[in-house]
Structures are given as structure tokens and as C-alpha cells.
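Reminder, nothing fancy here: chain letters follow the sequence lines and each chain counts from 1. All of these numbers come straight from a predicted model, not from anything done at the bench.
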2 protein chains.
Amino acid sequence: MSKEDKREAILQATLELVAEHGFHDAPCSLIAERAGVAAGTIYRYFENKNELIVVLYRELETKINATLLTGYTLEAPFRERFVHLVSGLLQYFIASPLEFKYIEQFHHSPYGVAFRRDKMLGQDEPEGCNIYCELFKQGVTQQVIKDLPLVLLFDLAFGPIISVARNHILGFIQLDATLIQQIAEACWDSLKR
Amino acid sequence: MSKEDKREAILQATLELVAEHGFHDAPCSLIAERAGVAAGTIYRYFENKNELIVVLYRELETKINATLLTGYTLEAPFRERFVHLVSGLLQYFIASPLEFKYIEQFHHSPYGVAFRRDKMLGQDEPEGCNIYCELFKQGVTQQVIKDLPLVLLFDLAFGPIISVARNHILGFIQLDATLIQQIAEACWDSLKR
DNA sequence: GAGTAATGAATGAATGGTCATTCATTATGG
DNA sequence: CCATAATGAATGACCATTCATTCATTACTC
């Protein structure tokens, strides 16, 4: 196994164990075992468990942003662009339940709160500020979406998506393409003027 | 301190410590200390830490449901009833940040997932099924709200509320009565036909 | 190119710390 | 004075992290 493979194996094992059992029941010993390395090896690739967890989160975030950008065109009308992003995110989560669970765990842990706070203070704008931010700000100035603080627009758009994804992944609802579309449109309804 | 007071003190200490530091950094030793009792005393009132945590959750849930019912009238029109419930919940969370944080911690822990699963299987209907369920089901049959599975209606209605409450409590937005009203109405927009 | 030395990645047993829980002992109050 | 409540030191389990040691690979020398 190459060096890069080993690092990857450790990250993958962490993803699986944390997603399934939470941070506290994902001890380094188990992560190492599942990755097929010794416990000490983790520390050759990551300074400590903390760093491992944060690095994994950042890599997932990057991957998601890249995925959402494919097929996103700045020329389409607001509603379409919005629905593309929002239903794309939902589809991604459904296709990657482990990643979704990991991200949720992260967001609700002390790591995640600190991480988010840094981000909000660094730039004075909310999360994955790249595409979403632009879309929302433009929408507000052009008076197609409600005139509310950016953070609240994010909450209205993504709050339901997270909640729906969780319920699908826990098996409480079975989503299909039609439902996903309807949900994305409902989110749009809550934003549009 | 009376027996009841002691039990109450333990629950309160648990609420505070779990809300602030999470389950893992709320050891029994600290809970006991903050409650002004010895560690062993906890086990005279609760079988173990698990039970303590679940009992506290159930008491909070009961309290919230009771609060929301005050001022709720079955005669008002849909939109008003909905906005009453949803903005009431948001106001409750904002007024009780510790409770909100505790509930969120709980929902995202193995306790919470198991708890929810039992609930969903017990009755084949989603959460606080009392008032909300009735309102939503009635709304669907009367064709005032979208014809979507009940679980999804819950997600659309409460997903944003949770998200908004979290951002307020973390200090990322300062909500006032006007904003709360606007948010509740936006949630309604996503449900209404 | 064979033999030897140097390197540094990988290992996993050992360490020190933390935690939930127990229980022998002590305090309380009726 | 007895029954019951409360105590908190002790226990055993578990965990993140360390580090002396092993081992495979590379570099060097003749």
C-alpha cells in the first residue's frame, strides 16, 4: 500500500466509523484496524485525532462544492439555478449517506461550532459562500427573493434539505426524483417574493 | 434540599453541562458537583447516565408541547394556526437556548436516533404528533397545503426553524419579533399550495 | 554488483488520564 | 435507634497518544 493509499484508508475508515457510531465510539484503535494499519501509524499522517477529523471534513466539503458546480450555469433564471443547487445537494447527500452523517456529526460537535465561527468571522458572510452567496445576494437586489439577511436565506433554503436528507437516510421516507424536485421547489417557494 | 429538589438539581446540571460541552464532556462527576450532590447520588435517582439523559429529554419535550398549546385555537384559519405554532417554537428556543442545545445534542446522538426510530415505528406517524399532525393532515385533505408525505411537511416547516434558532443562539444573527414573523410566514409559503 | 550502513516508515505494547459505576461507610431524620 | 439517603474513594474499562523497536528500502563503498 502506497503512502497516499494509507492516508486515504485512514480517512475512509474515519468516515465510516464516525458516520456509523459517532465521534466517541470511533476510537483510534478501531480506525487503525479498519484502515489496515497500526494505531501509531495514524500519527504519521495526522498530528492527532482532532486534525484528522477536521481534515476529513474539509476534504468532504471541497468534494461537494466541486460536484455542485458541474452543470451549474450562470445564465439560467434564478428559480432554475436555485433548484439545481438545492436538489443537487439533496441528491448528493442521498447518494453518500456516510458523508452526510459525518458532516452532521461534525456540525453538531464542538469542532464544528468552532470551525463555523471562524469561518463566519473570517469573511463576514455565511458558509460555502462561493456560488450560493452570489445567487442569493443577486436575488435580493433584483427583488426576486425576500429581503432577509443572508444567513436566514441559507436557513430557509438548506434547513429543510438537511432535515429531509436525514429522514431519507434513517429510512423514514423513500425519496425519488419527483419528490426531490417537489422539495426543491417548496424551498424556492419559501424564498421567492 | 428535598428529594424532589435534588432530582431537579441533577437534571438542571445535566441540561447545562450537556448543552455547553456536549455529552462527552459532561461527566457524571461534574454533573454531581454542579448539582451539589455526590457522584453516587445520581444513581439513587436514575438507573444510569443513559436513563438520566433520556428522562431529561422527555421532560423537555413535554414542557415544550405544553407551552405551544397555550393560545392555540382550533378555530383560527390554517395559516394563522401554522404561524402560531412555528413562531411559537422559534420563540421558545430563543428564550431557552440551553434547552435548544440539549435537544439538538440529543437528536444527533445514538440516543436520539434510537429514540426517534422507536417513536416512528410505534405509531406510524412522525414526531410530536399531537397538534402538528392534525393540522397538517387536515391541511392536506382541505387542499390548502401541498400534497406531500407528512414527514416531508414536518421537514419543510421545522427544518428552517431549527436552523434559524441555532444561528441565533450561536450569535450569527439577531432575531426580533418582525424577523420571527417573517420566517414563520416563509415556512408557510413553502407548505401552502 | 555484492556487502554493508543509514534511513525513516510502521508497529503495537505501555502510559497516563478519564469516565461511569459500585459499595462499604457515614449521616440524617422520623 | 432504625431505616433510608447520601457519600466519595475505589474499581475496572477504555482511550488517545507515545516511543523503543522492527523491518524494508535506499544509498554507499569497495
Q) What bend angle does the helix from C/dG1-D/dC30 to C/dG30-D/dC1 show across its length, from five-pair end axes and to the nearest 10 degrees? A) 20°
Q) Expressed in angstrom and rounded to an integer, what is the separation of A/Glu33 atom CD from C/dT11 atom P? A) 13 Å
(Q) Taking B/Gly171's backbone N and O only, do any of them form a donor-acceptor pair with A/Arg117's side chain (distance below 3.5 Å, no angle check)? (A) no
Q) Can you pull the contact range of chain A along DNA chain D, 5' to 3', using atoms under 4.0 angstrom from its heavy atoms? A) D/dC15 to D/dT18
Q. How would you list all residue pairs meeting salt bridge (Lys or Arg N to Asp or Glu O under 4.0 Å) that involve residues 29-47 of chain B, not counting sequence neighbours?
A. B/Glu16-B/Arg34
Could you pull out all donor-acceptor pairs under 3.5 Å where a side-chain atom in residues 144-155 of chain A meets a protein atom, sequence neighbours excluded?
from     : atom 1 : to       : atom 2 : distance (Å)
A/Lys146 : NZ     : A/Ser190 : O      : 2.7
A/Lys146 : NZ     : B/Asp189 : OD2    : 2.6
A/Asp155 : OD1    : B/Ser163 : OG     : 2.7
A/Asp155 : OD1    : B/Asn167 : ND2    : 2.8
A/Asp155 : OD2    : B/Asn167 : ND2    : 3.0

Q) Looking at B/Tyr132 versus B/Phe158, is the centre-to-centre ring distance below 6.0 Å? A) yes
**Q.** Pairs involving residues 80-103 of chain A, ordered by first then second residue, that meet salt bridge (Lys or Arg N to Asp or Glu O under 4.0 Å) (sequence neighbours left out)
**A.** A/Glu20-A/Lys101, A/Lys63-A/Glu99
Q) What parts of residues 10-22 of chain A reach DNA chain C, counting only heavy atoms under 4.0 Å away? A) none
(Q) Just to be sure I understand the rule, does A/Phe23 reach a base, reach only the sugar-phosphate, or reach nothing, if contact means heavy atoms closer than 4.0 Å? (A) nothing
(Q) Just the rounded figure in Å: distance from P of C/dA20 to CD of B/Glu47. (A) 16 Å
Q: Determine the contact category for A/Tyr45: base if any of its heavy atoms lies under 4.0 Å from a base atom, sugar-phosphate if only primed atoms, P, OP1 or OP2 are that close, otherwise nothing.
A: sugar-phosphate
Q: Quickly work out the B/Leu30 CG to C/dC19 P distance and round it to whole Å.
A: 7 Å
